[in-house]
Amino acid sequence: MQLTLEFGGGLELLCDSVKVHNVKVDMPKGAEKLIMKDLLGWVRTNLIKERPEMFMKGDTVRPGVLVLVNDCDWELSGQLDTTLEEKDVVVFISTLHGG
């Protein structure tokens with residue numbers, strides 16, 4: 001499944017300072033659909049180059065990371081159970097920063 005993943009608010013530093021990634025993600029074996037929980041595991045394994053604990057805590061993103069799926073807050077679409085479709089755009093933005 002082709003997806004566009006965008007990282008901002010400092011999260012891009014965990015991905016070799018690349019903000020936009022056009023990726024092909026395979027569905028898990030036996031799955032009929034790709035959900036956000038699957039995508040987060042894929043991102044941790046394939047895109048995060050350093051300090052994955054700054055992006056994820058357990059199976060989800062850390063508190064303070066805003067997740068948008070096609071410009072919609074994932075909290076409105078089911079969070080980890082949000083179903084992804086071909087050519088979706090998923091944005092991860094850290095809202096935590098020094099001051």
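All residue numbers in this chain count up from 1 along the given sequence. These numbers come from the heavy atoms of this one structure, side chains and all, not from hydrogens, waters or symmetry mates.
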| task | Find out whether Leu5 and Val43 are in side-chain contact, i.e. whether some heavy atom of one side chain is under 4.5 Å from a heavy atom of the other. | result | yes

| query | To the nearest 0.5 Å, what is the distance between CD (Glu50) and CG (Asp16)? | reply | 7.5 Å

| If only atom types and distance count, is the side chain of Thr45 paired as donor or acceptor with the main-chain N or O of Gly41 below 3.5 Å? | yes

| said: Could you see if Leu66 belongs to whatever hydrophobic cluster contains Val61? Use Ile, Leu, Val, Met, Phe, Trp, Tyr and a side-chain cutoff under 4.5 Å. | reply: no

| field | Neighbour count >12 (heavy atoms, 6.0 Å) for atom CD, Glu32 | value | no

| Would you find a donor on one side and an acceptor on the other, under 3.5 Å apart, between the side chain of Thr95 and the backbone of Val65? | no

| request: For Trp42 and Asp26, run side-chain contact (heavy atoms from CB on, under 4.5 Å): C-alpha distance rounded to whole Å, both residues' side-chain angles, the deciding distance at 0.1 Å, then the answer. | output: CA-CA 9 Å; Trp42 187 91; Asp26 293 325; over 6 Å; no

| Quick check: are there more than 12 heavy atoms from other residues, nucleotides or ligands sitting under 6.0 Å from CE of Met54? | no

| said: When you compare the side chain of Trp74 with that of Val91, does any pair of heavy atoms fall below 4.5 Å? | reply: no

| note | Distance col, row Lys87:NZ vs Thr4:OG1, nearest 0.5 angstrom, shows 9.5 Å

| query | What heavy-atom pair brings Val90 and Phe92 nearest, and what distance separates the two atoms? | reply | CG1-CZ, 3.6 Å

| query | Of all heavy-atom pairs between Pro28 and Leu34, which one has the smallest distance, and what is that distance? | reply | CD-CD1, 4.1 Å

| note | Heavy-atom nearest pair, Glu86 first then Met1, reads OE1-CA, 3.5 Å

| message | I need the minimum non-hydrogen distance between Gly9 and Ser94, along with the two atoms involved. | response | O-CB, 3.4 Å

| What residue pairs, at least two apart or across chains, pass salt bridge (charged side-chain N to carboxylate O under 4.0 Å, His left out) with a residue in residues 62-82? | none

| Is any side-chain heavy atom of Lys49 less than 4.5 Å from a side-chain heavy atom of Leu14? | no

| said: Run the side-chain contact (heavy atoms from CB on, under 4.5 Å) test on Met56 and Leu40 for me, step by step, so that the C-alpha distance in whole Å, both residues' side-chain angles and the decisive distance to 0.1 Å come before the verdict. | reply: CA-CA 8 Å; Met56 291 184 69; Leu40 290 176; 3.8 Å; yes

| request: For residues Ser77 and Asn70, determine if any side-chain heavy atom of one lies less than 4.5 Å from a side-chain heavy atom of the other. | output: no

| query | Which residues satisfy the salt bridge (charged side-chain N to carboxylate O under 4.0 Å, His left out) test with Lys19, sequence neighbours excluded? | reply | none

| note | Ile48 and Cys15 have their tightest heavy-atom pair at CD1-SG, 3.8 Å

| message | Is there a continuous path of hydrophobic side-chain contacts, each under 4.5 Å between heavy atoms, that joins Val25 to Val67? | response | yes

| Does a side-chain heavy-atom distance below 4.5 Å link Lys37 with Asp59? | yes

| query | Does Phe7 reach the side chain of Leu47, with side-chain heavy atoms less than 4.5 Å apart? | reply | yes

| query | Is it true that Val69 and Leu39 fall in one hydrophobic cluster, defined by side-chain heavy atoms closer than 4.5 Å? | reply | yes

| Between Pro52 and Arg44, what is the shortest heavy-atom contact and its length? | CB-CG, 4.2 Å

| With side chains defined as the heavy atoms from C-beta onward, is the minimum distance between Glu12 and Val18 less than 4.5 Å? | no

| message | Counting C-beta onward and ignoring hydrogens, is there a side-chain heavy-atom pair between Met27 and Asp38 closer than 4.5 Å? | response | no

| task | Kindly indicate, with the supporting measurements, whether the criterion side-chain contact (heavy atoms from CB on, under 4.5 Å) is fulfilled by Glu6 and Val89. | result | CA-CA 8 Å; Glu6 299 179 13; Val89 177; 3.7 Å; yes

| task | Report the distance from atom OG1 of Thr83 to atom NZ of Lys33, rounding to the nearest 0.5 Å. | result | 3.5 Å

| request: Without swapping roles, check the side chain of Asp88 against the backbone of Leu84 for a donor-acceptor pair under 3.5 Å. | output: no

